Amino acid sequence: MAYQEQMRALEALLFAAGDPLPFEDLALLLDVGKDEAIALAEQLMRRYQRDPLSGLTVREIEGAVCLATKSSASEVLENFFGKIRGQKLTDAAYETLAVIAYNAPVTRAEIETVRGVNSDSVVARLIERGLVREAGALEVPGRPVLLDVTDQFLLDFGLKSTRDLPAMDLLMYDTVMKLSEHMPHEASGSPVRKPLVIAIDGPSGAGKSTVARLLSEHLGILSLDTGAMYRALGYKALRLGISPSDEEAVRAMLAETVMEIDLSDRVQKTRVDGEDMEPFIRTPEASMAASDISVLPVCRDYCVRIQRELGKKQALILEGRDIGSYVFPDAPVKFFVTASAQTRAERRLKDLEKAGVETSLEEVIRDIEERDRQDSSRKLAPAVKAPDAVEIDTSDMTLREVIDTMLDVIRKKELDQPGWRSGEGRE
Ligand code: DC
């Protein structure tokens with residue numbers, strides 16, 4: 001097919017299809033490769049955009065394209081279709097839409113859990129407006145319906161995919177960013193923007209990593225697993241045949257060590273001398289080496305310096321043992337997450353089994369108790385609850401309950417201390 005013919009065919013196909021046409025199908029229909037189909041669609045879009053006499057444009061959604069109307073034509077279209085689609089959404093509808101878009105597929109019960117109110121009628125209205133659709137059912141008793149956003153939602157909000165949603169729940173993000181923006185002023189009177197740090201401390205296996213990850217996704221704030229740093233250094237020592245408790249040998253090792261933390265992609269890479277250590281540091285040996293090496297002041301200084309630098313640069317959730325008590329004692333939000341040794345050992349065993357590490361529950365309990373004792377009895381920066389940290393015992397809680405509790409604390413922090421936010425009424 002010649003170029004002109006391809007463009008004509010493309011326009012006709014998109015017009016006739018109405019719904020978004022996947023690039024793969026388009027490529028087959030036009031008898032071109034997928035990349036060429038994408039390039040043709042982009043050319044058509046540019047043509048429409050350049051043409052002030054056209055009310056059309058091309059939109060890409062989830063690997064598909066469709067013809068759409070330009071926003072400049074919305075008024076005349078509203079007059080024709082009536083105002084229903086153009087009516088402003090209520091706050092409740094926006095909130096529900098956000099919950100669905102960020103968590104899809106979700107059940108009505110899950111939406112209710114997140115919003116704290118029955119959302120059935122709001123969901124029904126969103127379905128009516130074509131912004132939300134039923135997307136199957138959950139394979140559990142009662143088979144609750146799963147909900148997802150529609151292509152129409154993506155079109156209306158100018159998104160190619162839900163992956164393009166800003167990496168945050170805007171509402172929550174605003175809330176927490178305000179916490180940091182309105183930190184008290186220094187004595188000099190000059191406003192000092194302290195970093196927003198959320199500290200999550202607690203013993204091993206209490207669920208800190210998982211809640212930190214979920215909270216990070218929910219708030220759109222990066223999260224740092226500080227334990228991985230001690231693990232990586234402990235593992236390097238083991239690899240070099242150095243005892244992780246030998247202070248002088250570790251000092252010499254650290255003088256030759258370059259640690260970089262890469263949080264891009266939201267998946268932490270803890271690089272030591274250029275190598276990502278994640279594949280090696282989750283074994284019981286690496287855990288014990290981490291606990292041993294973390295006792296040494298030289299090692300702690302090394303890691304804390306990096307943690308403080310990262311926390312100054314950006315809003316950050318840090319999970320560890322001493323974040324609220326030592327690394328960032330003035331963190332605005334602090335949690336101390338615990339669980340019984342038995343519960344923690346059961347969780348750790350599952351993780352180890354998944355990672356293919358052979359061990360027994362008894363061994364894991366012993367390991368956890370030994371590490372608890374060592375981590376909390378060391379002289380420097382022991383693993384203790386900061387006096388102003390909120391303790392959450394996760395033994396009998398679901399993950400969602402833990403996250404909800406944390407989000408409540410963050411919201412309440414704002415409500416309870418408006419003076420704290422604005423800096424008024426403080427010394
Ligand atoms: O959280 P984790 O199990 O990955 O931590 C590994 C070890 O590192 C743990 O035994 C205690 C130590 N650690 C520490 O001393 N301070 C931190 N902030 C984080 C971990």
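One-based numbering along the sequence shown. Just so it is clear, the structure is predicted and the values come from calculations on it, not from any experiment. We count ligands from 1, going down the list as the structure has it; atoms in each ligand are counted the same way.
Rounding to the nearest 0.5 Å places CZ of Arg213 at 5.5 Å from CD of Glu217.
Interface atoms of ligand 1 facing Ser294, defined by a heavy-atom separation under 4.0 Å, are 12 (C), 15 (O). Close contacts of ligand 1 with Ser291, meaning ligand atoms under 4.0 Å from a residue heavy atom, involve 10 (O). Counting atoms of ligand 1 from 1 in the listed order, those under 4.0 Å from a heavy atom of Arg348 are 3 (O). Of all atoms in ligand 1, numbered sequentially from 1 with element shown, those under 4.0 Å from a heavy atom of Ala290 are 6 (C), 7 (C).
Residue contact annotation: Arg300 has a non-hydrogen atom under 4.0 Å from ligand 1. Look at Glu370 and you'll find every heavy atom at least 4.0 Å from all atoms of ligand 1. In this structure, Lys208 has a heavy atom closer than 4.0 Å to ligand 1.
Residue Arg231 places at least one N or O, backbone or side chain, under 3.5 Å from an N or O of ligand 1. Considering backbone and side-chain N/O atoms, Arg321 comes within less than 3.5 Å of an N/O atom of ligand 1. Remark: ligand 1 and Arg371 share an N or O pair separated by less than 3.5 Å (distance only, no angle test). For the pair Asp322 and ligand 1, the shortest N or O to N or O distance falls below 3.5 Å.
Residues forming a ring pair (Phe, Tyr, Trp, His ring centres under 6.0 Å) with Tyr235 (at least two apart in sequence, or on another chain): Phe280.
Put simply, the side chain of Thr343 never gets that close to the backbone of Ser395: no donor and acceptor are under 3.5 Å apart. The main-chain N or O of Ile221 is found under 3.5 Å from a side-chain atom of Ser216 such that the two form a donor-acceptor pair.
For Arg344 and Asp372, the salt-bridge test passes: some basic side-chain N is under 4.0 Å from an acidic carboxylate O. Ion pairing between a basic and an acidic side chain is recognised when a charged N comes within 4.0 Å of a carboxylate O; Glu24 and Lys34 show such pairing.
In this structure, Asp301 and Tyr326 approach most closely via the heavy-atom pair OD1-OH, 4.3 Å.
The side chain to side chain contact (heavy atoms under 4.5 Å, CB included) test with Thr394 singles out one residue from Thr338, Val337, Thr405, and that residue is Val337.
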